[in-house]
Amino acid sequence: MTAFRLPAKLSEFAAGGQEPRLTAWAATLPSVVPALVARWGLTVGTAYEPGGQCSWVAPATTAAGDAVVLKVGFRHSEAEHEADGLRFWAGDGAVRVFDDATFDDTSALLLERAEPGTLLARALPPLEQDVVLAGLLRRLWRRPPDGHPFRTLASMCDAWAAEFDAKLSSAPAGWDRGLLREGIALYRELPRTTADEVVLCTDLHPENVVAARREPWLVIDPKPYVGDRTYDATQHMLNMDRLLTDPAGLSDRMASLLDLEPARLRQWMFARCVQGCPDWTELYDVAVTLARS
């Protein structure tokens with residue numbers, strides 16, 4: 001393999017020290033990555049730039065000449081079942097996983113390489129991105145099999161709601177505490193008010209969809225949970241500038257494209273904006289707008 005180096009985002013995040021375990025993990029990569037290369041008999045190129053904050057990802061070729069991707073990630077709760085999710089979808093709308101390994105703080109995957117690999121976010125205008133995302137989600141939403149390993153959406157929402165509660169005391173004094181309490185209560189309640197539970201991506205947005213030859217577009221980097229499909233539209237909306245200017249219109253558009261109940265998607269978006277506003281203050285105004293719509 002070429003001389004080892006960390007891609008820009010991972011290098012910056014590790015150096016920042018916000019997550020000490022990740023910083024320590026990143027320091028092990030110069031030995032971990034070559035060991036995985038040897039384990040899977042790969043020839044590996046330079047890591048993709050700028051990359052992500054929690055993983056080292058590079059194009060590779062197997063001994064048989066197959067084009068693959070080696071993803072070496074920091075183990076964290078949200079992505080615990082990435083390999084399980086990709087196996088569940090079996091290449092139908094998402095990249096295939098050929099092998100995986102988990103040890104210490106490392107989660108490694110050997111993945112299908114999507115060519116040309118252009119990010120949806122850079123390939124199409126926003127309204128067309130909506131259509132592509134909706135088409136992929138409708139294909140990926142399937143009921144999980146008996147004995148599946150996936151955690152519930154309710155468990156994820158409970159954890160994030162607890163983080164919100166810890167931050168609430170430091171929220172700006174002018175924020176409506178009643179509205180915030182209503183939003184976070186709804187965030188806890190909504191996952192428990194549906195019987196229509198499917199496997200979710202939870203983090204699907206235009207930078208997690210890549211152009212490919214096998215299919216026009218393939219999903220990468222899922223964070224699978226099981227729960228209410230309406231939730232899965234929210235991450236895309238959070239990545240759109242339109243959320244700040246016309247949240248109700250964006251929500252209704254996605255509800256139409258996904259055949260979801262518009263009022264329920266607005267509720268989910270309101271709850272998500274409340275949950276996220278301590279770290280992204282602009283979401284408070286979006287939550288207020290949605291509460292009034």
Side-chain angles (χ1 to χ4, degrees), residues 9 48 50-52 85 89 91-95 114-142 153 183 187 190 196 198-225 227-277 279-293:
K9 284 188 178 180
Y48 293 115
W89 289 308
D92 186 1
V95 294
E115 298 285 4
T118 310
L119 296 178
L120 175 60
R122 300 175 187 171
L124 294 177
L127 294 181
E128 294 181 41
Q129 293 174 28
D130 296 346
V131 175
V132 172
L133 261 290
L136 288 166
L137 282 173
R138 291 175 74 118
R139 292 172 59 191
L140 296 176
W141 288 336
R142 307 173 202 165
L153 178 63
Y187 190 72
L190 281 169
D196 177 31
V198 296
V199 179
L200 308 172
C201 287
T202 76
D203 191 28
L204 189 56
H205 53 80
E207 293 196 355
N208 277 345
V209 176
V210 295
R213 295 194 182 98
R214 182 171 63 80
E215 292 191 14
W217 302 101
L218 292 172
V219 170
I220 61 171
D221 199 26
K223 297 175 175 61
Y225 284 79
D228 180 5
R229 70 182 68 204
T230 310
Y231 174 91
D232 241 1
T234 62
Q235 192 64 38
H236 170 58
M237 293 163 62
L238 285 168
N239 279 263
M240 295 288 104
D241 292 339
R242 286 168 289 158
L243 180 67
L244 303 180
T245 58
D246 185 17
L250 175 60
S251 181
D252 288 351
R253 171 174 168 78
M254 293 309 300
S256 176
L257 289 171
L258 289 162
D259 195 25
L260 298 172
E261 182 184 344
R264 186 173 180 85
L265 182 51
R266 286 198 192 193
Q267 285 185 313
W268 261 120
M269 206 62 238
F270 165 65
R272 281 219 67 184
C273 287
V274 167
Q275 177 268 321
C277 69
D279 298 313
W280 182 6
T281 56
E282 287 177 297
L283 291 182
Y284 175 78
D285 291 333
V286 177
V288 171
T289 299
L290 288 170
R292 293 171 177 168
S293 65

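Predicted model only: the values in this text are computed from it and were never measured.
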Chemist: Hey, is the main chain of Thr202 close enough, under 3.5 Å, to the side chain of Asp232 for a donor-acceptor pair?
Modeler: yes
Chemist: Could you tell me whether the side chain of Val286 reaches within less than 4.5 Å of the side chain of Phe270, counting heavy atoms only?
Modeler: no
Chemist: Does anything in residues 283-293 pair up under salt bridge (Lys or Arg N to Asp or Glu O under 4.0 Å), and if so which pairs, sequence neighbours excluded?
Modeler: none
Chemist: Ignoring hydrogens, what is the shortest heavy-atom contact between Ser293 and Arg266? Give both atom names and the distance.
Modeler: OG-NH1, 2.9 Å
Chemist: Hey, what do you get for CD (Glu207) to CZ (Arg122), rounding to the nearest 0.5 Å?
Modeler: 6.5 Å
Chemist: In this structure, are over 12 heavy atoms from other groups packed under 6.0 Å from Gln235 atom CD?
Modeler: yes
Chemist: Does any part of the side chain of Val95, heavy atoms only, come nearer than 4.5 Å to the side chain of Val219, both counted from C-beta?
Modeler: no
Chemist: Does Leu133 reach the side chain of His205, with side-chain heavy atoms less than 4.5 Å apart?
Modeler: no
Chemist: For residues Leu140 and Trp89, report the shortest heavy-atom separation together with the two atoms involved.
Modeler: O-NE1, 2.9 Å
Chemist: Indicate the atoms forming the closest heavy-atom contact of Pro206 with His236, along with that distance.
Modeler: CD-ND1, 3.4 Å
Chemist: May I have the step-by-step check of side-chain contact (heavy atoms from CB on, under 4.5 Å) for Leu218 and Val209, ending in yes or no?
Modeler: CA-CA 6 Å; Leu218 292 172; Val209 176; over 6 Å; no
Chemist: Determine the minimum heavy-atom distance between Cys273 and Leu243, stating which atoms define it.
Modeler: SG-CD2, 4.5 Å
Chemist: Nearest 0.5 angstrom please: Leu120 CG to Gln129 CD, how far?
Modeler: 4.5 Å
Chemist: Would you say that Arg142 contacts Val199 through its side chain, given a criterion of any heavy-atom pair below 4.5 Å between the two side chains?
Modeler: no
Chemist: Is there a donor-acceptor pair under 3.5 Å between the side chain of Arg272 and the backbone N or O of Leu238?
Modeler: no
Chemist: Kindly give the heavy-atom pair with the smallest separation between Ala233 and Leu260, and that separation in Å.
Modeler: CB-CD1, 4.2 Å
Chemist: When Trp268 is tested against each of Thr230, Asp228, Thr234 for side chain to side chain donor-acceptor pair (under 3.5 Å), which residue passes?
Modeler: Asp228
Chemist: Report the distance from atom OH of Tyr231 to atom CG of Leu265, rounding to the nearest 0.5 Å.
Modeler: 12.0 Å
Chemist: Working to the nearest 0.5 angstrom, can you tell me the gap between Leu136 CG and Trp217 CH2?
Modeler: 9.5 Å
Chemist: Just wondering, more than 12 heavy atoms not from Asp241 lying within 6.0 Å of its CG?
Modeler: no
Chemist: Would a distance-only check, ignoring hydrogens and angles, find a side-chain to backbone donor-acceptor pair under 3.5 Å from Arg253 to Leu127?
Modeler: yes
Chemist: Using every non-hydrogen atom in the two residues, find where Leu257 and Asp130 come nearest and quote the distance to one decimal.
Modeler: CD1-CB, 3.7 Å
Chemist: Atom CD1 of Ile220 and atom CG of Leu204: how far apart are they, to the nearest 0.5 Å?
Modeler: 10.0 Å
Chemist: Measuring from atom CD of Glu261 to atom CZ of Arg229, what distance do you get when rounded to the nearest 0.5 angstrom?
Modeler: 13.0 Å
Chemist: Is a donor on one side and an acceptor on the other found under 3.5 Å between the side chain of Arg264 and the backbone of Leu190?
Modeler: yes
Chemist: For the residue pair Met269 and Leu250, establish whether any side-chain heavy-atom pair is separated by less than 4.5 Å.
Modeler: no
Chemist: State, with a plain yes or no, whether a side-chain heavy atom of Tyr187 is found less than 4.5 Å away from one of Val274.
Modeler: no
Chemist: Does the side chain of Leu200 reach to within under 4.5 Å of the side chain of Lys223, using non-hydrogen atoms?
Modeler: no
Chemist: Would you check if Leu283 and Gln275 make a side-chain contact, meaning some heavy-atom pair closer than 4.5 Å?
Modeler: no
